[in-house]
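Everything below concerns the one structure shown next.
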Amino acid sequence: MPNLFALLAGLLFGLGLILSGMTDPAKVTAFLDVAGAWDPSLAFVMGGALLVALPAFYVARRRGTTLRGEPLQLPTARRLDRPLIVGSVMFGAGWGLAGYCPGPALASLSMTDGAPWLFVAAMLAGMALYEARQWWRGR
């Protein structure tokens, strides 16, 4: 049953990404092109997401557990360190260049040509490289 809820939540999230246009790389890059043909509609999508997420996070923090009774796994670090900054810059650069971030890329796999497949393959390769580096450092 928990996997069914996870599947439904993932499907709902993917549907929201598709309906909001987040799976269209042209829409995302137009939002980031503030000096050109700027399309501000993505700001409304992000604002709407915050309106839904903020009360949910507030309730979740007060509960201390998930609805299934599992402990919350919220970030606890308050310090900006090199890995966080480098990762953030790489994420933003990848998002700006490709027009995809991980969620929309995964949601796009079922409905478009090969571009999201290439992005997801590159994303998985980057994740594997990071894990290999972490494993190598921990030996």
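Hydrogens, waters and symmetry mates play no part in the numbers below; they use all other heavy atoms, side chains included.
- Applying the salt bridge (charged side-chain N to carboxylate O under 4.0 Å, His left out) rule to pairs touching residues 34-56 yields Lys27-Asp39, sequence neighbours excluded.
- When all heavy atoms of Gly94 and Phe119 are compared, the closest pair comes out as O-CE1, 4.5 Å.
- Contact annotation: the side chain of Phe44 never approaches that of Ser20 to less than 4.5 Å [non-hydrogen atoms, C-beta and beyond].
- Considering all non-hydrogen atoms of both residues, Pro25 and Ala98 come closest at CB-O, 3.5 Å.
- Proximity of Ile85 to Arg82: side-chain heavy atoms (C-beta onward) are nowhere separated by under 4.5 Å.
- Summarising the geometry of Arg79 relative to Leu84, their closest heavy-atom pair is O-CD2, 4.3 Å, with the distance given to 0.1 Å.
- A donor-acceptor pair under 3.5 Å links the side-chain atoms of Arg63 to the main chain of Thr66, judged by distance alone.
- Contact record, Val120 with Ala105: CG2-CB, 3.9 Å, taken as the closest heavy-atom pair.
- The same ILVMFWY cluster, assembled from side-chain heavy atoms under 4.5 Å apart, contains both Val34 and Val28.
- At a threshold of 4.5 Å between side-chain heavy atoms, the hydrophobic network of Ile, Leu, Val, Met, Phe, Trp and Tyr places Trp95 and Val45 in one connected group.
- Under the 4.5 Å side-chain heavy-atom criterion for Ile, Leu, Val, Met, Phe, Trp and Tyr, Tyr100 and Leu109 are members of the same hydrophobic cluster.
- Taken from CG in Leu97 to CG in Leu32, the straight-line distance is 10.0 Å, to the nearest 0.5 Å.
- Each salt bridge (charged side-chain N to carboxylate O under 4.0 Å, His left out) pair with one or both residues in residues 14-26, not counting sequence neighbours, would appear here, but there are none.
- Within the model, atoms CG of Leu42 and CE of Met22 stand 5.0 Å from one another, a figure rounded to the nearest 0.5 Å.
- Taken together through direct or relayed side-chain contacts under 4.5 Å among Ile, Leu, Val, Met, Phe, Trp and Tyr, Leu124 and Tyr130 form parts of separate hydrophobic clusters.
- A donor-acceptor pair is defined here as one N or O able to donate and one able to accept, closer than 3.5 Å; such a pair exists between the side chain of Trp38 and the backbone of Phe31.
- Contact record, Thr23 with Ala107: CG2-CB, 3.9 Å, taken as the closest heavy-atom pair.
- Contact check for Phe57 versus Leu74: side-chain heavy atoms found under the 4.5 Å cut-off.
- No more than 12 heavy atoms of other residues, nucleotides or ligands sit less than 6.0 Å from atom CE of Met90.
- Atom CZ of Arg78 is separated from atom CG of Leu80 by 11.5 Å, given to the nearest 0.5 angstrom.
- Linking Ile, Leu, Val, Met, Phe, Trp and Tyr residues whenever their side-chain heavy atoms come within less than 4.5 Å leaves Leu17 and Leu11 in two separate clusters.
- Around CD of Gln73, the count of heavy atoms belonging to other residues, nucleotides or ligands within 6.0 Å does not exceed 12.
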